[in-house]
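In this chain, residues are counted from 1 in sequence order.
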Amino acid sequence: MGKRKKSHSQYYKKNGPHGKEEGPVRAKKHLGQHFLKDESIAQQISTTLSLSGYSDVLEIGPGTGVLTKYLLKQDIDLVAMDLDADAIIYLKHSFPLEYPELMERKGSFTVVEADILQADLQTYFGQKPFAIIGNFPYNISTQIVFKLLEYRQQIPEFSGMFQMEVAKRICEKEGSKAYGILSVLVQAFYEAEYLFTVHPEVFDPPPKVKSGVLRLTRRVNTNLDCDEALFFKVVKSAFNHRRKTLRNSLKSYNLSQNLKEDAIFDQRPEQLGVRDFLSLTRKIANDTI
């Protein structure tokens, strides 16, 4: 018999108890981990950032470093952040030994054990602009987007992999059932672009759903010309009762009878574009009973 061919990914080797292919870090279900093992897709994702006007990049959930190594081939200062202690150990110790040429480059490479949802990102970037990229854990991907919005003044670009349904929802336009809170809030500040779909078999373990890669590019003008806190509140209130007309879903705002007669209140939230929500917010802010 001839020798069995090695796996197409250099990260995977036969060392499991049942001859199963396993990587240097085992995926943990409670962290929502599905490690990408397709080199060409990792390389594609690494090129989704323009790197125009900034050099700092935050990679969320680097795991086995399959995307990390392609990012490090570019002229950037990379912070790789993960909550998985095993991934941190691998990235700090084994990964540099496997790719010594990447450690000799001019840009910096910092590995951080932290929870992205709790982290103060200015600890790592100060007031400098930085991009976010990653193969995001599906169980916290929506929360990561809200974290992006918190730091939107510092983040000109954001790209990476989500569950396909979530990625499409973020990029969706009004008139669709998938259009919702994330769509409006993200698109108020960013141009959203769905790039491509990724199938389950390129992950370890394979997820039960398809994945999608998107890119967000911050708009030139992010001044909404309205009370931003109220805008966020109105959008969330409207979609929390998405089957109702705005007249009913926004009852708690104690709007004047005069304002409630405005035709916009006959519509449901998915019928309103971003500009419509901005206009609605201004009308509510200026309302007098």
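Shown here for A85 and E113, the closest heavy-atom pair between the two residues is CB-OE2, 3.7 Å. I264 and L246 make their closest contact through O-CD1, 3.4 Å (heavy atoms, listed as atom of the first residue, atom of the second, distance). A pairwise comparison of heavy atoms in A238 and P269 identifies O-CG, 3.4 Å as the closest pair. P200 and V209 get closest at one heavy-atom pair: CG-O, 3.6 Å. Considering every non-hydrogen atom in both P156 and P129, the closest pair reads CD-CB, 4.3 Å. The minimum heavy-atom distance between R247 and D262, with the atom names listed, is NH2-O, 3.8 Å.
Between K128 and D56 there is a salt bridge, since a side-chain N of the basic residue sits under 4.0 Å from a carboxylate O of the acidic one.
For the 3.5 Å distance criterion, the side chains of Y190 and E157 fail to qualify, holding no donor opposite an acceptor. For the residue pair E39 and Y70, a side-chain donor N or O sits within less than 3.5 Å of a side-chain acceptor on the partner. Side-chain atoms of S176 and E270 form no donor-acceptor pair, as typed in the model, at a separation below 3.5 Å. Using modelled atom types, one finds no donor on one side chain facing an acceptor on the other under 3.5 Å when comparing N258 with S256. Of the N and O atoms on the side chains of Q271 and Y179, not one donor lies less than 3.5 Å from an acceptor on the other residue. Between the side chains of D266 and T245, no donor-acceptor pair of N or O atoms lies under 3.5 Å. Counting only N and O atoms by type, the side chains of T68 and E59 include a donor and acceptor under 3.5 Å apart. Checked by atom type, the side-chain pair Q163/K210 shows no donor-acceptor distance below 3.5 Å. A donor atom on one side chain and an acceptor atom on the other are found under 3.5 Å apart for Q122 and Q154.
In this structure, K236 is positioned above the aromatic face of F146, its NZ or CZ under 6.0 Å from the six-membered ring centre and within 45° of the axis.
Residue I45 is not grouped with residue M164 when hydrophobic side chains (ILVMFWY) are merged at heavy-atom distances under 4.5 angstrom, including chains of intermediate members. Linking ILVMFWY side-chain heavy atoms closer than 4.5 Å, directly or via other members, places V274 and L230 in a single hydrophobic cluster. Each of Y194 and I181 belongs to its own hydrophobic cluster when Ile, Leu, Val, Met, Phe, Trp and Tyr are linked at side-chain heavy-atom distances under 4.5 angstrom. Taken together through direct or relayed side-chain contacts under 4.5 Å among Ile, Leu, Val, Met, Phe, Trp and Tyr, V57 and L36 form part of one hydrophobic cluster. In this structure, I89 is not a member of the same hydrophobic cluster as L102, with clusters built from ILVMFWY side-chain heavy atoms closer than 4.5 Å.
Taking CD of Q44 as the start and CG of L67 as the end, the distance is 12.0 Å to the nearest 0.5 Å. Note that the CG atom of L51 and the CD1 atom of I76 stand 6.5 Å from one another [nearest 0.5 Å]. Annotation: the span from M81 atom CE to I132 atom CD1 amounts to 9.0 Å, rounded to 0.5 Å. Note that the NZ atom of K260 and the CG atom of L250 stand 11.0 Å from one another [nearest 0.5 Å]. A distance of 4.0 Å separates CG of L49 from CD1 of I133, quoted to the nearest 0.5 Å. A distance of 7.0 Å separates CZ of F189 from CG of L149, quoted to the nearest 0.5 Å.
In this structure a side-chain-to-backbone donor-acceptor pair under 3.5 Å is present from R218 to R152. When atom types are taken as modelled, the side chain of D276 and the backbone of G273 share a donor-acceptor pair closer than 3.5 angstrom. Remark: the backbone N or O of A167 is not paired with any side-chain donor or acceptor of E172 at under 3.5 angstrom. Panel note: side chain Y151, backbone L121; a donor-acceptor pair is recorded below 3.5 Å. Distance alone, capped at 3.5 Å, places no donor-acceptor pair between the T222 side chain and the R219 backbone. Proximity of a side-chain donor or acceptor of S279 to a complementary backbone N or O of R275 within less than 3.5 Å is not detected. Listed for the S94 side chain is no donor-acceptor partner under 3.5 Å among the backbone atoms of Y90. Without hydrogens or angle criteria, E191 side chain to R215 main chain gives no donor-acceptor distance under 3.5 Å.
D225 meets the side-chain contact (heavy atoms from CB on, under 4.5 Å) test with R282; sequence neighbours excluded.
Taking 4.5 Å as the limit, some side-chain heavy atom of I116 sits within range of a side-chain heavy atom of I144. V79 places a side-chain heavy atom less than 4.5 Å from the side chain of F125. Contact annotation: the side chain of V186 approaches that of L216 to within less than 4.5 Å [non-hydrogen atoms, C-beta and beyond]. Y253 places a side-chain heavy atom less than 4.5 Å from the side chain of K233. The shortest distance between side-chain heavy atoms of P137 and I140 falls below 4.5 Å. A 4.5 Å side-chain heavy-atom check between F231 and V184 finds at least one atom pair inside the cut-off. Here the side chains of F203 and D38 are not in contact, with every heavy-atom distance at 4.5 Å or above. Annotation: side chain of L58 is not in contact with side chain of Y124 (no heavy-atom distance under 4.5 Å).
Around the NZ atom of K251, the shell of radius 6.0 Å holds no more than 12 heavy atoms that belong to other residues, nucleotides or ligands.
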Assess whether side chain to side chain contact (heavy atoms under 4.5 Å, CB included) is satisfied between F239 and S249, documenting all intermediate values. CA-CA 8 Å; F239 281 103; S249 63; over 6 Å; no
Checking D77 against F130 for the side chain to side chain contact (heavy atoms under 4.5 Å, CB included) test, could you report, in this order, the C-alpha distance in whole Å, the side-chain angles of both residues, the deciding distance, and whether it holds? CA-CA 9 Å; D77 295 309; F130 64 96; over 6 Å; no
What verdict does the side chain to side chain contact (heavy atoms under 4.5 Å, CB included) test give for L72 and K69, after you've listed the backbone C-alpha separation in whole Å, the side-chain angles of each residue and the deciding distance to 0.1 Å? CA-CA 5 Å; L72 289 174; K69 71 175 185 290; 5.7 Å; no
Would you check, one step at a time, whether the test side chain to side chain contact (heavy atoms under 4.5 Å, CB included) holds for L185 with F232? CA-CA 7 Å; L185 297 184; F232 274 66; 3.8 Å; yes
Output, in order, the C-alpha distance, side-chain angles, deciding distance and verdict of salt bridge (Lys or Arg N to Asp or Glu O under 4.0 Å) for K106 and D75. CA-CA 8 Å; K106 290 182 180 180; D75 187 19; over 6 Å; no
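Residues F158 and F136 bring their aromatic ring centres within 6.0 Å.
Of the residues T47, T217, T48, the one that meets the side-chain hydrogen bond (donor to acceptor under 3.5 Å, both in side chains) test with S159 is T48. Screening H199, E165, M161 against S211 for a side chain to side chain contact (heavy atoms under 4.5 Å, CB included) leaves a single residue, M161.
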